[in-house]
Amino acid sequence: MGLASPPPRQAPLVPQQWADALDAISTSRSPPIAIICGPKNSGKSTFSRILLNSLLKRYDRVGYLDTDVGQPEFFVPGCLSLHLVDECLPDLMKTPMREPERCIFSGDISSKRDPDAYINFIFQLYDYFLEKFYQSDDAYSHRKALLPLIINTAGWVKGTGFDVLVELLKYISPTHVVQMRISAESKNLPTGAFWLSDKKRGSSKLIELATVFTDSFNRSVLIRKNAHSMRDLRLSDYFKRCFPSTLNISTNKELAHALASIPPYQIHFSQVKVMHLYCQVPKHEVFYSLNATIVGLAASSTVPTSSARCTPWCVGLGIVRGIDAKKGMLYVITPVSLCKLEKVDILFQGFIEIPTSLLQLCTVDLMRGSVLKLLLLLFFYFVINFFNF
Ligand SMILES: Nc1ncnc2c1ncn2[C@@H]1O[C@H](COP(=O)(O)OP(=O)(O)OP(=O)(O)O)[C@@H](O)[C@H]1O
């Protein structure tokens with residue numbers, strides 16, 4: 001019987017069709033490279049997580065390429081990241097934040113603004129995975145253990161998203177393509193190997209899966225997530241890492257106060273190059289434009305030399321808390337360790353916004369400081385004037 005409104009669950013439902021697919025992928029002879037695609041909210045992430053745990057029964061480590069910049073699985077919004085997971089996920093309904101093996105700052109929560117750059121970011125992460133973890137090393141008479149890879153995609157079905165997916169599938173040529181399908185056919189991807197021209201025969205195994213929840217008319221019931229608040233939550237969780245875990249920060253208010261009082265890193269303008277990813281900023285405004293924004297921190301020394309289209313790896317995010325134009329200083333808060341930070345010489349700026357709850361409270365804190373200063377100044381002004389009089 002179908003479920004009209006699925007209740008919140010502690011563990012995912014794994015129907016037989018899903019179980020068979022998991023079995024087929026995880027017992028394949030060579031380490032699988034599986035791409036999971038299909039409409040939004042159709043269960044791609046849930047299936048990917050179950051697959052991850054399933055593969056960890058056979059492999060010590062599993063690669064996970066997170067391409068959804070709007071709702072990332074393991075890292076922060078605006079980043080594409082490659083993870084090497086070596087422990088089963090304890091909770092399959094949500095994933096904890098993880099430090100990525102490699103990360104690229106795209107600076108946006110969608111691929112639409114610059115699909116070409118976005119595709120190149122995925123290729124760069126994939127090429128890195130292939131080179132490091134998917135090539136046997138016969139020249140040294142011992143074989144590296146190859147790792148399987150899961151590539152979870154955003155809900156790309158139509159328009160630019162569809163074109164991005166086609167490019168991705170052509171380039172990667174995965175061993176398995178898992179396609180989630182819902183009952184509304186017009187919202188699904190085409191069936192079969194839609195990314196290949198007729199003449200070619202692909203080697204990928206195609207698996208089509210139905211979503212798990214249906215109503216009494218057998219129509220798919222999709223559980224929508226609040227993407228905006230999930231992004232804010234991820235960013236808050238990330239910046240909580242600026243503090244020791246022993247410090248009990250449970251509300252956004254506490255986090256905002258803590259962020260407002262932490263001593264920031266001081267970076268001289270001359271130490272960094274600012275790269276605006278989606279807009280041009282007049283030269284004299286470049287540093288001012290960073291004030292109160294989130295930036296991607298990267299080091300030019302990390303640009304992979306293998307390809308012309310490569311971008312420097314991102315080591316993490318920072319909040320530019322203030323700018324002192326006279327001293328030529330930027331004040332940045334970040335959980336990135338000092339040894340990584342020392343190599344950072346690029347600040348990427350895109351459209352990743354500081355969660356409003358943090359921004360308002362930070363501003364209130366800063367304003368409170370300014371108001372106090374103003375009151376003191378007024379007080380001294382009146383005292384001086386009073387005695388002069
Ligand atoms: N097998 C399942 N068991 C329990 N809940 C599920 C299952 N599949 C999906 N859901 C629920 O449906 C919602 C959407 O699932 P999920 O996040 O996996 O979809 P998605 O296709 O990855 O979405 P998006 O494209 O937005 O990233 C989630 O709340 C998830 O918990």
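The first residue in the sequence is number 1, and the count goes up from there. Excluded from the calculations below are hydrogen atoms, water molecules and symmetry mates; all remaining heavy atoms, backbone and side chain alike, are included. The structure presented is a predicted model; accordingly, all values stated were derived computationally and were not measured. Read the numbers this way: they start at 1 and go in the same order the structure lists the ligands and their atoms.
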Per-atom contacts, ligand 1 versus [X] - under 4.0 Å to a heavy atom:
X     : result
Trp18 : 1 (N), 8 (N)
Ser42 : 19 (O), 20 (P), 21 (O)
Leu13 : 1 (N), 2 (C), 3 (N), 4 (C)
Asp68 : 27 (O)
Met93 : 4 (C), 5 (N), 31 (O)

Does Ala154 come within less than 4.0 Å of ligand 1, judged by its heavy atoms?
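Checking ligand 1 against Ala154, which is what was asked, there is no heavy-atom contact under 4.0 Å.
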Check: Asn152 N/O within less than 3.5 Å of ligand 1 N/O:
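No - when backbone and side-chain N and O of Asn152 are compared with those of ligand 1, no distance drops under 3.5 Å.
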Have a look at ligand 1 and work out which part of Lys40, if any, has a heavy atom under 4.0 Å from it: side chain, backbone, both or neither.
both
Relative to atom 19 (O) of ligand 1, which among Gly155, Ala227, Pro39, Gly43 owns the nearest non-hydrogen atom?
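Looking at heavy atoms only, Gly43 sits closest to atom 19 (O) of ligand 1.
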Of the listed options (Asn41, Thr211, Val212, Val221), which comes nearest to atom 23 (O) of ligand 1 when hydrogens are ignored and any heavy atom counts?
Asn41
Calculate, to the nearest 0.5 Å, the distance between atoms CG and CG belonging to Leu149 and Leu130 respectively.
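That separation rounds to 8.0 Å.
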Give, for atom CZ of Phe105 and atom CG of Leu347, the distance between the pair rounded to the nearest 0.5 Å.
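Interatomic distance, Phe105 CZ to Leu347 CG, rounded to 0.5 Å: 10.0 Å.
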Will you find, in the side chains of [X] and [Y], an N or O donor that is under 3.5 Å from an N or O acceptor?
X      : Y      : result
His276 : Gln349 : yes
Asn120 : Gln124 : no
Thr211 : Ser42  : no

Result block: side-chain N/O donor-acceptor pairs under 3.5 angstrom for residues 331-339, not counting sequence neighbours:
{"residue": "Thr334", "atom": "OG1", "partner": "Leu317", "partner atom": "O", "Å": "2.8"}
{"residue": "Thr334", "atom": "OG1", "partner": "Val336", "partner atom": "N", "Å": "3.1"}

Applying the side chain to side chain donor-acceptor pair (under 3.5 Å) criterion to Glu73, which one of His83, Arg49, Arg98 satisfies it?
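Only one option passes, and that is Arg49.
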